[in-house]
Amino acid sequence: MTRKERTTNLTVLDGGRSLPVSEMHRVLLHAYVTDTRLMGVLAVCAHWSIASPSADRNDPDSWEDLRQFFYIDCEEAGLETYQQVRGGDVREARRIEEALVCGLGARKVELNERQLRLLLQHWYRFNEEHLLPAPAGFPQYSVLLAPVIDAGEEERSDLMQMICPQLRSDEQVVNYFLMRCFGSDPEGMRYLAAPDVPLDLYSDYTCATFCRNTIDEDGTYPDGATSYLCDSLVEMNGAYDKIVSRIVVKDLKVVRAQRLNRFPISDTEAAMILKKIEYITLYEVFLSEEEMEDNIDEFTLGFHATMSSYENGRLFMTFRPTNDHVDSRTFQLSNDVRGMYFLTNHGQLILCAHSLPDLHHLEQTISASVLAPYLIPSGRFNFVPGGAYNAAGTFEFREPILYEFMRSDFEHFEDFLAAMRGE
């Protein structure tokens, strides 16, 4: 499991038009898929020009825009959600696209109509084989599922290569391979491994979350292959395990894989392993509630962030533009997050990041936005494991402070900090 928790349930918006797309004349203007297959998710977008069967197709006014959006969960749900915008509401289309794509760290790979159909038909078959329901709006996209394309192995292999990122290092291969293993994704595993590598080493894990992995080189073989010892933290059904594996890589392919050890750990131990420094900047917001609502798109569209609602405010998460964090000897799933903006219901904005450069990036984004004249910085705070006053006199908290505040009953951040300090 990777990023499914960040998606939303999408619904079909057809602008009041009832004629199914399958009955319209169609011209594909542009389509793309994200290159995130090895992260376990895909977003697909297609832009069409459509016209009624009775319309004069030589009349430009008889054609209208159709934008279709698909979200594919490669581990569990298959072809999971569908949404469309029919007509010229470009802002709504952009809002949907941002919600789908901005958290994936994706490169957009252009598709022709045959590739678009082949990809969607593959994942629709996945739904059928796993007895999964098709997403709502079937009459609007069913035209892409028939007739069935009879593609050869080479064409399917080429499409798989298109939707996967370029592999550059052994560490990247190892992390992606283990991620696909714990995600119960044999297709993804086979893409990364030689034909004789068994795919059932971790079959007792079903769509588990690959939280963290550390890689240490363990020697080389006469044939040029390199062995790596991997210490992985995996979560499944709320329980955490530490798993030690040996993965051998040659020419950016896994050629041997061995599971060495497994032992459960407590939630507290897992939290300590995953804990990060937390840097926070607090702003006072000098806008009325109505004015803030009128500018809320500045957070989602302007800051390229996803939004989640909480009882005492809204959280906007912004992500890195690539998945380069996978290419590391120490991988952590949450490293794809660049930072968070929490807009409270009581006139405060909290910026939070796990490094000072990332916090500075958030602050620069704020200062360059139309909201800047109405936001006044009022404090900076650090969290580090241990909890103490640092040399500058700044209190450093033992627990991740932002999520604690989001779940609290406090209206103002300073009151919450005072209570945390015991004041």
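Residue numbers start at 1 and run along the sequence shown.
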Looking only at side-chain N and O atoms, does [Y] offer a donor or acceptor that is under 3.5 Å from a partner on [X]?
{"X": "Arg320", "Y": "His325", "value": "no"}
{"X": "Tyr221", "Y": "Thr226", "value": "no"}
{"X": "Asp358", "Y": "Tyr279", "value": "no"}
{"X": "Glu269", "Y": "Ser266", "value": "yes"}
{"X": "Asn312", "Y": "Thr344", "value": "no"}
{"X": "Lys276", "Y": "Ser334", "value": "yes"}

With a cut-off of 6.0 Å (strictly less than), are more than 12 heavy atoms of other residues, nucleotides or ligands near CD of Glu129?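 For Glu129, atom CD is crowded (more than 12 foreign heavy atoms under 6.0 Å).
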Looking at [X] and [Y], does any basic side-chain N land under 4.0 Å from a carboxylate oxygen?
{"X": "Arg190", "Y": "Glu187", "answer": "no"}
{"X": "Asp231", "Y": "Arg262", "answer": "no"}
{"X": "Arg180", "Y": "Glu75", "answer": "yes"}
{"X": "Arg26", "Y": "Glu113", "answer": "no"}

Please enumerate all residues that pass side-chain hydrogen bond (donor to acceptor under 3.5 Å, both in side chains) together with [X], with sequence neighbours excluded.
{"X": "Trp63", "result": "none"}
{"X": "His304", "result": "Glu98"}
{"X": "Asp297", "result": "Arg91, Arg95"}

Can you label the angle between the Phe70 ring and the Tyr82 ring as parallel, tilted or perpendicular, going by 30° and 60°?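 If you compare the ring of Phe70 with that of Tyr82, the planes turn out tilted.
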Would you say that Arg86 contacts Met24 through its side chain, given a criterion of any heavy-atom pair below 4.5 Å between the two side chains?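 Answer yes - side chains close enough.
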Is the shortest heavy-atom distance from the side chain of Tyr310 to the side chain of Tyr403 under 4.5 Å?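 With C-beta onward as the side chain, the pair touches.
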Show your working on salt bridge (Lys or Arg N to Asp or Glu O under 4.0 Å) between Lys253 and Asp170 and close with a plain yes or no. CA-CA 8 Å; Lys253 282 281 187 182; Asp170 287 0; over 6 Å; no
Residue pair Asp223, Arg256: steps toward the salt bridge (Lys or Arg N to Asp or Glu O under 4.0 Å) verdict: CA-CA 13 Å; Asp223 63 357; Arg256 302 177 192 85; 3.7 Å; yes
So which pairs with a foot in residues 203-218 pass salt bridge (charged side-chain N to carboxylate O under 4.0 Å, His left out), sequence neighbours left out?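 Every pair satisfying salt bridge (charged side-chain N to carboxylate O under 4.0 Å, His left out) with a residue in residues 203-218: Asp204-Arg259, Glu217-Arg329, Asp218-Arg246.
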Give every donor-acceptor pair under 3.5 Å between a side-chain atom in residues 101-112 and any protein atom, sequence neighbours left out.
residue : atom : partner : partner atom : Å
Lys108  : NZ   : Glu97   : OE2          : 3.3
Asn112  : OD1  : Arg114  : N            : 3.2
Asn112  : OD1  : Gln115  : N            : 2.7

Residues two or more places apart in sequence or in another chain: which of them pass salt bridge (Lys or Arg N to Asp or Glu O under 4.0 Å) with Glu293?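 Listed in chain order: Arg314.
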